[in-house]
Asks: 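Mind having a look at this structure? Questions to follow.
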Number of protein chains: 2
Amino acid sequence: MTQGDQIWAVDALQALGHETRLSVFRMLVKAGPDGLMAGEIAQRCGVPASTMSHHLANLERAGLATSQRESRVIRYRADYAGMRQLLAFLMEDCCQGDPLLCADFSEIVSCKP
Amino acid sequence: MTQGDQIWAVDALQALGHETRLSVFRMLVKAGPDGLMAGEIAQRCGVPASTMSHHLANLERAGLATSQRESRVIRYRADYAGMRQLLAFLMEDCCQGDPLLCADFSEIVSCKP
DNA sequence: CCTTTATTTCGATTATACTCGAATTATCGA
DNA sequence: TCGATAATTCGAGTATAATCGAAATAAAGG
């Protein structure tokens, strides 16, 4: 793994290392492919729109969310590819796939034949 | 999952969301059960001892490292249980075990029958 | 005891992040 | 074109984090 790889991982981890942003990301995962409008996210979190805009931009920069304008609203979705990369990094590069760290997840991931 | 559960996850994510600390954690994983002395960690990272001490305390508070004094030195080890909890949180609570997010990991984790 | 070594804690500075109202941009519908 | 609406960007204040030398603590060995 290169030095650069760790950099984006740091960005992604830092993005999720904030209560509001972690909530937002989970909200987006729960919302699924439809995602959520920026305004509704702000409202649900009880945070001013301008503040939320920064958090959403942060998540997007970190590769954990995508945005798409639809006429007047902007729809945010969880970026599954980014999250998958982060999880892969944590399990492979960071933890070296060590069974001590990762073995328990065989039940969580869909690996039943 | 409770509100409190997310709080420690935020702490752990934030702890890893820093270049030096992420490097240290990976270093500790690589070092295995023997761990590393505080001094050597600082030296390897090219960071003053006092600065590193804060980072190590941060990782320990976040449940990602443990420390143990051995006569004059202090040995740090990766906290596997904490990291497992974090990975479990990210896959289960955060991503809802969604195959879209987690399916790829069936090869990484040791789930071959 | 006193010195040396390893580490932490203190104290103070600097840097970065967070927050939010106000101003701005983009889009739609009348 | 003119509001009205949804969102972002700006600007400025506040808070939190990072940094590092100096001082304090802990332990070992003369």
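Chain identifiers are assigned alphabetically (A, B, ...) following the order of the sequence lines, protein sequences preceding nucleic acid strands; residue numbering begins at 1 within each chain.
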Asks: How close or far is atom C1' of dT27(C) from atom CD1 of I74(A), stated in whole angstroms?
Replies: 11 Å

Asks: Compare all side-chain heavy atoms of L22(B) with those of Q6(A) and state whether any distance is below 4.5 angstrom.
Replies: yes

Asks: M37(B) near the nucleic acid: base, sugar-phosphate alone, or nothing, with a heavy-atom cut-off under 4.0 Å?
Replies: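 If one applies the 4.0 Å heavy-atom cut-off, M37(B) turns out to touch the sugar-phosphate alone, with no base involved.
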
Asks: Students should find this one: the first and last nucleotides of DNA chain D, 5' to 3', lying under 4.0 Å from a heavy atom of chain B. What are they?
Replies: dA17(D) to dA28(D)

Asks: Establish, with yes or no, whether the OP1 or OP2 oxygen of dG29(C) is under 4.0 angstrom from a side-chain nitrogen or oxygen of R72(A).
Replies: no

Asks: How long is the line joining CZ of R61(A) and C1' of dT16(C), in whole Å?
Replies: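 Result: 13 Å.
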
Asks: May I ask you to verify if any side-chain N or O of H55(A) is less than 4.0 angstrom from the OP1 or OP2 atom of dT19(C)?
Replies: yes

Asks: Roughly how many Å is it from CG in L36(B) to C1' in dT7(C), rounded to a whole number?
Replies: 15 Å

Asks: Checking all strands, does A38(B) fall into the base, sugar-phosphate, or nothing category for heavy-atom contacts under 4.0 angstrom?
Replies: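 Sugar-phosphate contact only - A38(B) comes under 4.0 Å of backbone atoms but never of a base.
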
Asks: Could you grab the distance from atom OG1 of T20(A) to atom NE2 of H55(A), nearest 0.5 Å is fine?
Replies: 4.5 Å

Asks: Phosphate oxygens OP1/OP2 of dA17(C): is one of them under 4.0 Å from a side-chain N or O of Q14(A)?
Replies: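 For dA17(C), OP1 or OP2 has a side-chain N or O of Q14(A) closer than 4.0 Å.
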
Asks: Give the table of side-chain donor-acceptor pairs shorter than 3.5 Å for residues 61-70 of chain B, with sequence neighbours excluded, one pair per line with atom names and distance.
Replies:
| residue | atom | partner | partner atom | Å |
| --- | --- | --- | --- | --- |
| S67(B) | OG | E60(B) | OE1 | 3.4 |
| S67(B) | OG | E60(B) | OE2 | 2.8 |
| Q68(B) | OE1 | R77(B) | NH1 | 2.9 |
| R69(B) | NH1 | S71(B) | O | 3.0 |
| E70(B) | OE1 | R75(B) | NE | 3.2 |
| E70(B) | OE1 | R75(B) | NH2 | 2.8 |
| E70(B) | OE2 | R75(B) | NE | 2.7 |

Asks: With a non-hydrogen cut-off below 4.0 angstrom, is R75(A) in contact with a base, only sugar-phosphate, or nothing?
Replies: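 R75(A): no heavy atom of the nucleic acid under 4.0 Å.
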
Asks: May I ask you to say what T51(B) touches in the nucleic acid, namely base, sugar-phosphate or nothing, with a heavy-atom cut-off under 4.0 Å?
Replies: base

Asks: Does any non-hydrogen side-chain atom of V10(A) lie less than 4.5 Å from one of W8(A)?
Replies: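 W8(A) does not reach V10(A) side chain to side chain.
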
Asks: Would you kindly give the CD-to-C1' distance between E70(A) and dC28(C), to the nearest whole Å?
Replies: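 Taking CD of E70(A) and C1' of dC28(C), I get 14 Å after rounding.
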
Asks: Ignoring the backbone of P48(A), work out which of dA17(C), dT9(C), dG21(C) is nearest its side chain.
Replies: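 My answer, after comparing the listed nucleotides, is dG21(C).
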
Asks: Answer with base, sugar-phosphate or nothing: what part of the nucleic acid does Q43(B) contact at a heavy-atom distance below 4.0 Å?
Replies: nothing

Asks: Quickly work out the H54(A) NE2 to dA17(C) C1' distance and round it to whole Å.
Replies: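 It is 11 Å, rounded to the nearest whole Å.
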
Asks: V24(B) versus M52(B): any side-chain heavy-atom pair under 4.5 Å?
Replies: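 Yes, side chains in contact.
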
Asks: Please output the side-chain donor-acceptor pairs of residues 28-40 of chain B that fall under 3.5 Å, not counting sequence neighbours, one pair per line with the distance.
Replies:
| residue | atom | partner | partner atom | Å |
| --- | --- | --- | --- | --- |
| E40(B) | OE2 | R44(B) | NE | 3.4 |
| E40(B) | OE2 | R44(B) | NH2 | 3.4 |

Asks: With a 4.0 Å cut-off on heavy atoms, is S50(A) in touch with a base, just the backbone sugar-phosphate, or nothing at all?
Replies: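 Base: the residue S50(A), judged by heavy atoms under 4.0 Å, touches a nucleobase.
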
Asks: As an exercise, state the distance from CZ of F25(A) to CG of L13(B), rounded to the nearest 0.5 Å.
Replies: 10.5 Å

